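Indexing begins at 1, ligand by ligand and atom by atom, following the structure's order. Treat the numbers as computed from the prediction; the structure is a model and nothing was measured.
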Amino acid sequence: MKHFLSVTDIGDISTAIAEALMYKLNPLQDIQLGNGKAFGMIFMNPSLRTRLSSQIAAENLGMRTSVLNIDKDAWNLEFKEGAVMNENKVEHIIEAAGVLGQFVDILGVRSFSSLQNKADDDAEIVIKKFQQYAQLPIVSLEAATLHPLQSFADMITIYEHWQQPKKPKVVMTWAPHIKALPQAVPNSFAQWINAWQTCDFVVTHPEGYELDQKITGALNIEYDQNKALEGADFVYVKNWSATKDYGKILCQDKNWMIDNKKIALGNKAKIMHCLPVRRNVVIADEVLDGPQSIVLQQAKNRICSAQVVLSRLLKTLA
Ligand code: CP
């Protein structure tokens, strides 16, 4: 593995899950692997889980870690080639990434979509520029279109609760939110589920919220949420803004919130969400606090998944 930017970088998903579960059982088994190596993390946006789980994963492998919040602690970056920098941008990505390339061995970057221009977001300009000028292995800590570390943890979590040999029915449902959110998490989840080829997968959302199937792969869409939830073994809840009418909120129908009545339609479905979640807007308290919620386990699996990614990159460096 040279970089970790999407599902295509992980190879066989079942093999990767098995590796992650070994790290979960024995987090310090490769404590020598990252000896003398440094993992730098750049955050253009806030984070709780990704920041700490990646840091813990790197430290479990014996790496040193450094975190920089570009939006608060560092110089405002210019990304345009040939820019005349006489306004508010103080440092160009050419020098910023170039310097980071001198300081660390692996670089993680978080950069959300702008939700202004889909073509620009799809081009993943920020993460690609870091890749170009840092000349290091890059780990996506959530980019404009994808959040692969989250999806990897999601697959591990599903695997742990999968009542084999029955093929699990996984439903990804849109839910309301007060803000326009990126499509990175649902895009990525769909991409990984499609690549894993282990689940019956249904996506449900109001009309107008269709995801870009060039990114997700082919999707089975059911616009009737209740019908989609029937017999579900896993319900992945997430809000996202519209893709076609890019970044717009088209629906705030509270009936799409996941509550006990909704989950009763499933097959004692496990309830998943990447977090952070707005209680009683996206998912009701009764569900998050109930026995079917596995959101904390999902978050815990962010550590062992990140550890697989970093260990594979370290082995490439060696
Ligand atoms: N799920 C997730 O990426 O959480 P953070 O935004 O807190 O990192």
Side-chain angles (χ1 to χ4, degrees), residues 4-7 9-10 20 24 39-59 65-73 106-115 121 124 126-127 130 138-158 160 170 172-175 177-193 215 234-241 258 270-279 281-283 287-288 293-310:
F4 183 69
L5 304 176
S6 84
V7 71
D9 295 312
I10 201 73
K24 190 169 179 178
F39 180 42
M41 282 175 274
I42 299 293
F43 284 88
M44 318 282 281
N45 318 94
S47 169
L48 186 155
R49 281 144 290 272
T50 307
R51 178 188 313 245
L52 294 180
S53 60
S54 304
Q55 198 164 3
I56 294 165
E59 288 168 6
T65 59
S66 308
V67 180
L68 187 64
N69 303 306
I70 291 280
D71 57 336
K72 294 186 188 74
D73 303 338
I106 299 174
L107 187 63
V109 179
R110 165 164 283 199
S111 170
F112 289 171
S113 55
S114 66
L115 294 179
D121 286 340
E124 295 286 9
V126 173
I127 208 157
F130 274 106
I138 300 289
V139 177
S140 168
L141 303 173
E142 184 171 343
T145 58
L146 297 170
H147 192 358
L149 278 178
Q150 177 67 52
S151 309
F152 185 11
D154 297 338
M155 299 306 110
I156 297 164
T157 314
I158 290 174
E160 288 178 313
V170 177
M172 180 168 74
T173 180
W174 180 93
H177 202 284
I178 58 162
K179 287 179 73 176
L181 298 188
Q183 298 86 17
V185 168
N187 276 344
S188 198
F189 183 77
Q191 195 183 68
W192 281 66
I193 286 277
I215 298 173
F234 295 89
V235 178
Y236 198 94
V237 191
K238 186 72 185 84
N239 170 270
W240 62 90
S241 58
I258 294 297
K270 299 295 181 196
I271 308 303
M272 303 176 71
H273 190 285
C274 62
L275 305 180
V277 63
R278 286 182 184 253
R279 282 174 170 253
V281 174
V282 178
I283 305 179
V287 175
L288 284 166
S293 170
I294 54 171
V295 297
L296 296 185
Q297 184 175 347
Q298 209 182 329
K300 183 172 181 181
N301 285 336
R302 296 294 308 274
I303 299 174
C304 58
S305 50
Q307 206 165 330
V308 171
V309 169
L310 291 173

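Atoms of ligand 1 lying under 4.0 Å from at least one heavy atom of Cys274, given by number and element, are 1 (N). Close approach of ligand 1 to Leu48 is summarised as follows: ligand atoms under 4.0 Å from at least one heavy atom of the residue are 5 (P), 7 (O), 8 (O). Contact atoms of ligand 1 toward His147: 2 (C), 3 (O) (distance under 4.0 Å to a heavy atom of the residue). When each atom of ligand 1 is checked for a heavy atom of Arg302 under 4.0 Å away, the hits are 1 (N), 2 (C), 3 (O).
Counting heavy atoms from C-beta on, the side chains of Val170 and Met272 never come closer than 4.5 Å. Within the 4.5 Å cutoff, the side chain of Trp192 has no heavy atoms near those of the Asp154 side chain. Residues Val308 and Ser305 have side chains not in contact (no heavy-atom distance under 4.5 Å, counting atoms from C-beta outward).
The single protein non-hydrogen atom nearest to atom 6 (O) of ligand 1 is Arg110 NH1, 2.9 Å, given as residue, atom name and distance. Taking atom 4 (O) of ligand 1 as the reference point, the nearest protein heavy-atom neighbour is Arg49 NE, 2.9 Å.
Ion pair Glu160/Lys300 not flagged as a salt bridge, since none of the NZ, NE, NH1 or NH2 atoms sits closer than 4.0 Å to an Asp/Glu carboxylate oxygen.
Side chains of Ser241 and Gln183: a donor-acceptor N/O pair is present below 3.5 angstrom, by distance only.
The shortest N or O to N or O distance between Pro46 and ligand 1 is not under 3.5 Å.
For the atom pair OG1 of Thr145 and CG of Asn187, the computed distance is 6.5 Å after rounding to the nearest 0.5 Å.
At a heavy-atom distance under 4.0 Å, only backbone atoms of Leu275 (N, CA, C or O) approach ligand 1.
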